[in-house]
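Data block below; observations after.
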Amino acid sequence: MGMGANIVLGAIADDFTGATDLANNLVRGGMRCLQVIGVPQQEVDLTGIDAVVVALKSRSCPVDEAVADSLAALEWLRQQGARQLFFKYCSTFDSTDQGNIGPVADALLEALGAHQTVMVPAFPINGRTVYQGHLFVGDRLLNDSGMQHHPLNPMQDADLMRVLARQTPHPVGLVNRTVLAQGADATRAQLSALAEQGVRHVICDSLDEQDLDVLAEATVAMPLVTGGSGLGQALPAQYRAQGWLDTISEPGRLSPASGGALVLSGSCSRATLAQVADFLAKYPDGGFALDPLALAEGGKQQEQALAFARKRLSQEAPVLLYASADTEKVNAAQKALGVAHAGALVEEALSQLAVNLVDEGVGRLLVAGGETSGAVVSALGITTLRIGEQIDPGVPWTQTPMAGREAPLSLALKSGNFGGVDFFTWAFEVLV
Ligand SMILES: Nc1ncnc2c1ncn2[C@@H]1O[C@H](COP(=O)(O)OP(=O)(O)O)[C@@H](O)[C@H]1O
Ligand SMILES: O=C(O)[C@@H](O)C(=O)COP(=O)(O)O
């Protein structure tokens, strides 16, 4: 048991930035939230925490590993007394025919002795909605949204019932918008009817926050719910209605931030490239580009980046170190070095720069990219993140204690696709 635990919701997230996205929405719903990196090996102080999110790296790893890690996280969360469990995956349902969404959901249900769960990937404010079981990104079906080209899990089918049916031997059902429009009782009745037919996994439509409120009300008594972060914002109100959660003022209140400000970007997604361009337009001398082809030749470019950042930080000027590049450049680097090696060189360089510069006094650090965030957080030896206020939908500021330093480190982990175009400057304006 964690010290002082009164954990209402325990979540298992399949990647780091996805975990902060869910945690952000739980805070917005009114819960004090802690994110832990991996399954804790030591006791964690959960005093004054209502929800805890375990961040795994289980989205693209082999199925067996994803199942084992998720079950270990479940076990730990149950030891903390979590009343409801949440399996968080991407709002674009990132997975392959092998998994990992179906196999992990099946394993969690079995371990909990439960017979049914809902699948609610929608995140309407970021344009992810589900209608008749089909996932849309903005006005495009998933398989026409760019996600069909994803390097690890190309999403070439927007029909989630069909997608999931390839990942589980169990029947898959649907709660559609017509049912949701009739309210929580009708939704519960539909879920029960499906359960009687042996339907374990129920894909749920959701077009907007109202649909998510109905789903939260209908599922608050389920041992396990699954989905994107949208449902996470709707659940806390239901916990309050159950008397499980008090009304908490300022659930995202953090200590004042201090120290130098640094942006590290290893994401090559469309949104991030626009954010890099916006930053460079505002601060033409503020950015240093890292290139995997140069990094492969030894430590010189990394040294130059370090010197560049030190100079900017000493002038208290905004600084961005980035490997973010367009598809042509990424393809060229990948062709020369291999996909994994090109990525690893960038992640290693950005991680090492983070370690050096945090050691030298950076106290406000923004990292763009899911994999990049995972690498940086691991290199910094971070084990817990307290979740603060939202910067843009899906991305909050967080804080983590730093050994040997009085003030905590303020950290923002941005999923590649999230954030407004001015994110790299706006983030520091909202940080107090
Ligand atoms: N210029 C580049 N060439 C090749 N790979 C790169 C380059 N810049 C970044 N990468 C790699 O691309 C991957 C981006 O993934 P990630 O950080 O998860 O971003 P996103 O959240 O946008 O998917 C990382 O592994 C990163 O190291
Ligand atoms: O649900 C979402 O869209 C995000 O929380 C998420 O998981 C994004 O994944 P990455 O873009 O790989 O960070």
Side-chain angles (χ1 to χ4, degrees), residues 11 13-26 35 53 55-60 86-95 101 120-129 135 137 142 145-147 149-153 155 226-233 264-276 289-296 301 321-351 367-377 392-396 413-419:
D14 69 356
D15 85 345
F16 285 28
T17 41
T20 38
D21 171 17
L22 173 62
N24 176 56
N25 274 356
L26 294 171
Q35 177 173 332
V53 181
L56 300 178
K57 269 177 157 257
S58 54
R59 184 173 293 175
S60 307
F86 193 128
F87 169 34
K88 159 73 175 67
Y89 40 79
C90 194
S91 60
T92 43
F93 214 74
D94 295 20
S95 52
I101 295 175
V120 188
F123 191 8
I125 197 166
N126 274 348
R128 278 73 159 174
T129 58
L135 181 50
V137 178
L142 178 63
S145 69
M147 283 303 293
H149 302 307
H150 193 283
L152 301 177
N153 41 258
M155 300 305 292
T226 84
S229 65
L231 184 64
Q233 193 168 340
L264 298 175
S265 180
S267 158
C268 301
S269 76
R270 232 179 273 168
T272 306
L273 294 180
Q275 289 154 356
V276 169
L290 292 155
D291 172 7
L293 292 167
L295 292 170
Q301 191 178 54
L321 308 179
Y322 64 101
S324 313
D326 59 27
T327 315
E328 210 176 305
K329 280 196 193 132
V330 172
N331 285 346
Q334 289 179 338
K335 208 170 156 207
L337 301 164
V339 175
H341 189 43
L345 281 166
V346 167
E347 287 171 33
E348 173 60 28
L350 290 174
S351 298
V367 188
E371 291 298 320
T372 310
S373 293
V376 168
V377 162
D392 272 340
V395 199
L413 307 177
K414 190 193 82 74
S415 152
N417 288 313
F418 287 175

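All heavy atoms count here, side chains included; hydrogens, waters and symmetry mates do not. Start at 1 and go down the list; that is how both ligands and their atoms are numbered. All of these numbers come straight from a predicted model, not from anything done at the bench.
A donor and an acceptor atom, one from each side chain of Asn417 and Ser415, are nowhere located under 3.5 Å apart. Under 3.5 Å, the side chains of Thr272 and Ser265 contain no donor-acceptor pair of N or O atoms.
The closest donor-acceptor contact from the side chain of Lys57 to the backbone of Arg59 lies at 3.5 Å or more, if one exists at all. Distance alone, capped at 3.5 Å, places no donor-acceptor pair between the Gln35 side chain and the Ala23 backbone.
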Task: Intermediate values then yes/no, side-chain contact (heavy atoms from CB on, under 4.5 Å), Val53 and Phe86 - done: CA-CA 9 Å; Val53 181; Phe86 193 128; over 6 Å; no
Task: Worked check of side-chain contact (heavy atoms from CB on, under 4.5 Å) between Thr20 and Val395 - done: CA-CA 7 Å; Thr20 38; Val395 199; over 6 Å; no
Task: Derivation and outcome, side-chain contact (heavy atoms from CB on, under 4.5 Å), residues Asn153 and Ser95 - done: CA-CA 6 Å; Asn153 41 258; Ser95 52; 5.7 Å; no
Open item on the list: side-chain contact (heavy atoms from CB on, under 4.5 Å) for Val346 and Thr372? Distances and angles first, verdict last.
Closed with: CA-CA 8 Å; Val346 167; Thr372 310; 5.6 Å; no
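Protein residues lining ligand 1, listed by chain and number: Gly266, Ser267, Cys268, Ser269, Pro292, Ala323, Ala325, Val330, Ala333, Ala342, Gly343, Val346, Glu347, Gly369, Gly370, Glu371, Thr372, Gly416 [non-hydrogen atoms, distance under 4.0 Å]. Protein residues having at least one heavy atom under 4.0 Å from any atom of ligand 2 are Asp15, Thr17, Gly18, Asp21, Arg59, Lys88, Tyr89, Cys90, Ser91, Gly370, Ser415, Gly416, Phe418, listed by chain and number.
Going from atom CZ of Phe123 over to atom CG of Leu22 covers 9.5 Å, rounded to the nearest 0.5 Å.
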